[in-house]
K.L.:
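Okay, here's the structure, questions in a sec.
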Amino acid sequence: MPLQPVNRRSVPDEVFDQLFGEVISGSLAPGENLPSERRLAEVLGVSRPAVREALQRLAHAGLVEVRQGDATTVRDIRRSGGLDLLPRLLFAGGEIDLAVARSILEARLHVGPKIAELAARRRGPTLVPQLEAAVQALKDDSDPVARQRHALTFWDHLTDAADSVTFRLMFNSLRAAYEPALDALAQVMATEVDRTCAYDAVVTAIADADADAAHSRAEALLRPATEALIEVINQLEG
């Protein structure tokens, strides 16, 4: 295993990051046993409690199975992992994983309209003013990164109104994966955030409690930038 001695400024975090990288890269395949705690501590130059803490974190993330008195086994993250892994998977190895980026975009395109639909059905009295304020902030701001943040606020309000814990957790994970790339995405996302009339159309559908219109207008809002980004990914994959 190409592991390196750990910088002691944050030992369990460093151990977790290195082992996470080994699992995600495939260097440690599903079903493979990790070295013992003692061996990992020797290779990494850290204490066994630090290794134990990192292994427990990996287990909670669904990456390994820790059996008392037995070997720690790598799990198949596609079957055992959760949405909280998305941000780490997107930037595994320090570079964007294009396949993960594509899957996030595809999920965004399909989940967003459903969230808007549910928000139209379940909205409370404060939703429309909140959405109108977010859209107005989007119109008033010229900074491309700030505009993306206003758009995220818009979707944050919609997700709250949809009143679905599953969609809320999905939104949280997608947002955590998306936010670190705001600067890089500014140019492509202008296709979306500049279309304030499309946001207005969604707000109108919400105000009218028209769930079908909210769904279709949200899809019309999200699709152009999504398809543009997927096309960029396809070109990069060549």
Side-chain angles (χ1 to χ4, degrees), residues 1-108 111 145 148-149 152 156 159 164-185 233 236-237:
M1 296 172 61
L3 301 177
Q4 303 296 322
V6 165
N7 183 329
R8 293 182 181 275
R9 61 182 175 82
S10 181
V11 176
D13 286 347
E14 292 276 0
V15 174
F16 175 87
D17 287 343
Q18 287 205 45
L19 293 177
F20 180 91
E22 293 294 310
V23 172
I24 297 306
S25 69
S27 297
L28 292 169
E32 185 175 346
N33 291 336
L34 269 65
S36 67
E37 284 184 9
R38 183 187 301 276
R39 180 56 182 157
L40 285 171
E42 291 174 353
V43 172
L44 294 167
V46 301
S47 67
R48 289 184 65 179
V51 170
R52 190 173 302 119
E53 180 180 338
L55 291 176
Q56 288 299 326
R57 288 177 57 189
L58 289 168
H60 289 316
L63 297 177
V64 301
E65 181 178 1
V66 179
R67 295 187 297 272
Q68 191 68 29
D70 200 353
T72 297
T73 305
V74 176
R75 303 181 70 184
D76 183 347
I77 63 167
R78 290 182 177 270
R79 297 183 180 276
S80 60
L83 285 171
D84 56 305
L85 292 178
L86 273 178
R88 286 183 173 273
L89 290 174
L90 181 61
F91 293 100
E95 296 182 356
I96 290 182
D97 185 310
L98 296 178
V100 174
R102 181 189 295 106
S103 72
I104 290 172
L105 291 167
E106 291 168 345
R108 176 178 179 268
V111 171
V145 174
Q148 291 179 79
R149 294 195 183 281
L152 285 171
D156 192 50
T159 305
S164 166
V165 66
T166 300
F167 282 146
R168 164 47 68 183
L169 295 178
M170 291 179 70
F171 176 84
N172 293 346
S173 297
L174 292 172
R175 179 170 186 160
Y178 169 71
E179 282 194 298
L182 288 181
D183 288 338
L185 293 173
I233 289 172
L236 290 173
E237 289 182 327

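Everything numeric in this text was worked out from a predicted model, so none of it was measured. Values below: all heavy atoms of this structure, side chains included; hydrogens, waters and symmetry mates excluded.
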K.L.:
Indicate every side-chain donor-acceptor pair of residues 34-46 with a distance under 3.5 Å to a residue at least two apart or in another chain.
P.N.:
unit_1	atom_1	unit_2	atom_2	d
Ser36	OG	Arg39	N	3.1
Glu37	OE1	Arg52	NE	3.2
Glu37	OE1	Arg52	NH2	2.9
Glu37	OE2	Arg52	NE	3.3
Arg39	NH1	Glu42	OE1	3.4

K.L.:
Assess the side chains of Ser25 and Ser27: does a donor N or O sit below 3.5 Å from an acceptor N or O?
P.N.:
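Short answer, yes.
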K.L.:
Should Leu55 and Leu19 count as side-chain neighbours, where that means a heavy-atom distance under 4.5 Å?
P.N.:
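Counting from C-beta outward, Leu55 and Leu19 do come under 4.5 Å.
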K.L.:
Are Glu22 and Val74 side-chain neighbours, meaning at least one heavy-atom pair lies under 4.5 Å?
P.N.:
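They are not in contact (no side-chain heavy atoms under 4.5 Å apart), so the answer is no.
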K.L.:
Taking the side chain as every heavy atom from C-beta outward, state whether Leu185 and Tyr178 have any atom pair closer than 4.5 Å.
P.N.:
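A side-chain contact under 4.5 Å exists here.
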K.L.:
Got a donor-acceptor contact below 3.5 angstrom from the Arg88 side chain to the Ala177 backbone?
P.N.:
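Checking the backbone N and O of Ala177 against the side chain of Arg88, no donor-acceptor pair under 3.5 Å is found.
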K.L.:
For Arg78, does the CZ atom have more than 12 heavy-atom neighbours from other residues, nucleotides or ligands under 6.0 Å away?
P.N.:
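Atom CZ in Arg78 is not packed in, count stays at 12 or less.
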K.L.:
As a test of understanding, state which of Leu152, Thr159, Leu86 forms a side-chain contact (heavy atoms from CB on, under 4.5 Å) with Arg175.
P.N.:
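In the set Leu152, Thr159, Leu86, the residue that makes a side-chain contact (heavy atoms from CB on, under 4.5 Å) with Arg175 is Leu152.
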K.L.:
Mind listing the closest non-hydrogen atom pair of Ala61 and Leu85 along with its distance?
P.N.:
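Here Ala61 and Leu85 meet closest at O-CD1, 3.8 Å.
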K.L.:
State, yes or no, whether a side-chain contact exists between Gln148 and Glu179 at a heavy-atom distance under 4.5 Å.
P.N.:
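When only atoms from C-beta onward are counted, Glu179 and Gln148 do not touch, as no gap falls below 4.5 Å.
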K.L.:
So do the side chains of Glu106 and Val111 get within less than 4.5 Å of each other, counting heavy atoms only?
P.N.:
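No, every pair of side-chain atoms sits at 4.5 Å or beyond.
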K.L.:
Could you pull out all residues at least two apart from Phe167 that satisfy ring-ring contact (aromatic ring centres under 6.0 Å, His included)?
P.N.:
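Scan of Phe167 (ring-ring contact (aromatic ring centres under 6.0 Å, His included), adjacent residues dropped) gives none.
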